[in-house]
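Have a look at the structure below, then the notes.
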Number of protein chains: 2
Amino acid sequence: MRYSHRLSDAVHVLAYIDIYHDGNLSSTAIAASVESNPALVRRLMVALRRAGLLTTQQGTAQPRLTRDPAAISLLDVYQAVEEDGRLLHVDDKTNLQCIVGRNIQETLRTAYDEVQQAAEAKMARITLASLIKTIWTREHEKRAAEEDSSR
Amino acid sequence: MRYSHRLSDAVHVLAYIDIYHDGNLSSTAIAASVESNPALVRRLMVALRRAGLLTTQQGTAQPRLTRDPAAISLLDVYQAVEEDGRLLHVDDKTNLQCIVGRNIQETLRTAYDEVQQAAEAKMARITLASLIKTIWTREHEKRAAEEDSSR
DNA sequence: ATCAGTTGTAACATATAGAGTAACATTAGA
DNA sequence: TCTAATGTTACTCTATATGTTACAACTGAT
């Protein structure tokens, strides 16, 4: 399948807004960082706004997080931007004349629910704040390494 | 994204082979149950065979599970048929000139790994045997309900 | 009041992967 | 030898994630 980057891009947008909160937060500027286009960023922001993670104001480039990054989980973002929100998908076109075809859909749905629950529990424990912290940690490591190699 | 049914279909194939082990196990017959086509079934069986879950013999319709269904986990099947095997996908095209774009890829990769690990741990605990058992349970429930309503 | 810049939104184009289909060489068993 | 099956490839079809373009509505500055 073709892989969706919606979650990754949405986290990127939120991190960008937090980190560059005093800089240029236009959809064009953000799109440059995501290496995508402004319309995609705006569409993502619509979803994030609907989920109550973000406020925007038409006409001004001032998106703002509605709450502290520590109170925004990866799960919040995931559910905001992934319509379906399912990691695994049941084939709902099976032959009902067959024992397997007649019962496998509900069987798999139950099993997939368990997997989903495990994944979401983990996602709920990863916050935007922790991700941003990691971004900074890696950034400082890179700067230190750069410093080191130029000596 | 367009959803892949490879995992669901692969489980279907394995369950079918186990349940109808004395019946017609041709790719055509299995395809009828999956409501798909023989080539798809054969392609899935190639993957399952490569993963050591199945043996087949060219010319004969005799696929066989290589081990007890209790020793085959959903994770085994998942890893057999999903090439990539990743539930979440990092956008690897970000602007390296930007603090976020330069560090978010590895950051998200680490986070996604944790989620993946949680999901896989759950998948490892779901066996083909338990799925087949559920299929039978639901089948018997349906038959009982049928019996009930016709009285 | 006007204007430049921006968001909100829709419509359309493009690229890609999953699935469908067809074909055929190879093999097994009758 | 014949039939039916698998193994494999090539091609088509289709859904959808993303890219692109366009424009109305809105904001703040001049």
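Only heavy atoms go into these numbers, but all of them, side chains included; no hydrogens, no water, no symmetry mates.
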Round to the nearest Å and state the distance from [X] atom [atom1] to [N] atom [atom2].
X: A:R42; N: D:dG19; atom1: CZ; atom2: C1'; answer: 13 Å
X: A:L7; N: D:dT18; atom1: CG; atom2: C1'; answer: 16 Å
X: B:Y3; N: D:dT16; atom1: OH; atom2: P; answer: 8 Å
X: A:R6; N: D:dT18; atom1: CZ; atom2: P; answer: 7 Å
X: B:D9; N: C:dG20; atom1: CG; atom2: C1'; answer: 13 Å

Subject >> 5'-most by nearest nucleotide on DNA chain D - B:Q62 or A:G59 >> reply: B:Q62

Phosphate contact ([N] OP1 or OP2) by [X] side-chain N/O below 4.0 Å:
X: B:S27; N: D:dA5; answer: no
X: B:R49; N: D:dT8; answer: yes
X: A:T56; N: C:dG8; answer: yes
X: B:S26; N: D:dA4; answer: no

Over all strands shown, is [X] touching base, sugar-phosphate only, or nothing at heavy-atom distances under 4.0 angstrom?
X: A:Q57; answer: sugar-phosphate
X: A:R43; answer: base
X: A:T28; answer: nothing

**OP:** Could you label the plane-to-plane angle of the A:Y20 and A:Y16 rings as parallel, tilted or perpendicular, counting under 30° as parallel and over 60° as perpendicular?
**Re:** tilted

Original post:
Which nucleotide in the set D:dA24, D:dT18, C:dA22 lies at the smallest distance from any side-chain heavy atom of A:Q58?
Top reply: D:dA24

Original post:
Which of the following nucleotides, C:dA19, D:dT18, C:dG29, is nearest to the side chain of B:T60?
Top reply: C:dG29

